[in-house]
Asker: 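Take a look at the following structure, please.
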Amino acid sequence: MKSKAPVVIGSIFLAYLAFVAVVILFYEPKPEDMSWEDRQAYNQSMISELQLGQTLADVTQTLGRADFSEAKQTEGRSLQVLFYRTHHSKSDGKTTKDECTPLLFEDGQLLAWGEDTYQQYLQQHSPQQVLPKAPAQPE
């Protein structure tokens, strides 16, 4: 009488291989589900592939939820800045803006990214300080 053990073990092994194949082919982890180290590396990689003019929806679909965001409506334009963690500063258990790369969007289109560009944007769009007028000099 032949043992059924090899058939059972072989069937279980094949089922396991099929399960692993399905997971590998179809499972795509969301950026939000990654560890901070994996997400940081993922963000660096994906940001390097961005194209100017990409939509906000495309970028958030690729990169997931931003770590920080800012938005402003000005002169009939919608301006939005999304911050994604891309580098590590200190081990304090918190993500801060200085550990993130800013992505600037105007009317839902990617306008620019990077810290230098963000600082230039802030300088160009900061409210101008109004200096008091000097008293008129008598003539």
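Hydrogens, waters and symmetry mates play no part in the numbers below; they use all other heavy atoms, side chains included. Position 1 is the first residue of the sequence, and the numbers go up from there.
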Asker: Hey, do the aromatic rings of Tyr84 and Phe68 have their centres closer than 6.0 Å?
Answerer: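 Ring-ring flag for Tyr84/Phe68: false, centres at least 6.0 Å apart.
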
Asker: Please tell me if the side chains of Thr55 and Gln109 come closer than 4.5 Å, counting only heavy atoms from C-beta onward.
Answerer: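 Yes, close enough: below the 4.5 Å cut-off.
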
Asker: With a cut-off of 6.0 Å (strictly less than), are more than 12 heavy atoms of other residues, nucleotides or ligands near CD of Gln51?
Answerer: no

Asker: What's the separation between atom NZ in Lys97 and atom CG in Asp67, rounded to the nearest 0.5 Å?
Answerer: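 These two atoms lie 11.0 Å from each other.
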
Asker: Are Val81 and Phe105 close enough that some pair of their side-chain heavy atoms sits under 4.5 Å apart?
Answerer: no

Asker: Using side-chain heavy atoms (C-beta onward) and a distance below 4.5 Å, is Leu50 in contact with Leu103?
Answerer: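 Side-chain contact under 4.5 Å: yes.
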
Asker: Are the side chain of His87 and the backbone of Asp98 linked by a donor-acceptor contact shorter than 3.5 Å?
Answerer: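 Such a contact is found between His87 side chain and Asp98 backbone.
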
Asker: Using a 3.5 Å distance criterion without hydrogens, assess whether the side chain of Ser11 forms a donor-acceptor pair with backbone atoms of Val7.
Answerer: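 Side chain of Ser11 to backbone of Val7: a pair is present.
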
Asker: Taking all heavy atoms of Leu79 and all of Tyr121, pick out the closest pair and write down the distance.
Answerer: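 In this case the closest contact between Leu79 and Tyr121 is CD1-OH, 2.8 Å.
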
Asker: Salt-bridged, Lys72 to Glu106, with N to O below 4.0 Å?
Answerer: no

Asker: Which pair of non-hydrogen atoms, one from Thr117 and one from Ala112, has the smallest distance, and what is that distance?
Answerer: CG2-CB, 3.2 Å

Asker: Are Val20 and Tyr16 packed together at the side-chain level, in the sense that at least one heavy-atom pair is separated by less than 4.5 angstrom?
Answerer: yes

Asker: Are Gln40 and Gln44 linked by a side-chain donor-acceptor pair shorter than 3.5 Å?
Answerer: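 Looking only at side-chain atoms, Gln44 and Gln40 do not form any donor-acceptor pair under 3.5 Å.
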
Asker: Return the minimal non-hydrogen interatomic distance between Asp107 and Gly76, and the atom names on each side.
Answerer: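 The answer is OD1-O, 4.4 Å.
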
Asker: So which heavy atom on Thr86 is nearest to which on Cys100, and how close?
Answerer: OG1-C, 4.0 Å

Asker: In the structure I gave you, are the side-chain heavy atoms of Gln80 and Glu70 within less than 4.5 Å of one another anywhere?
Answerer: no

Asker: Any side-chain heavy-atom pair from Leu52 and Leu111 closer than 4.5 angstrom?
Answerer: no

Asker: Measure across Thr62 and Met46 and return the closest heavy-atom pair with its distance rounded to 0.1 Å.
Answerer: CG2-SD, 3.7 Å

Asker: Do Leu63 and Asn43 have side-chain heavy atoms sitting under 4.5 Å apart?
Answerer: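 Yes. Closest side-chain heavy atoms under 4.5 Å.
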
Asker: Could you report the tightest heavy-atom contact between Tyr118 and Pro102, atom names first, then the distance?
Answerer: CB-CG, 3.5 Å

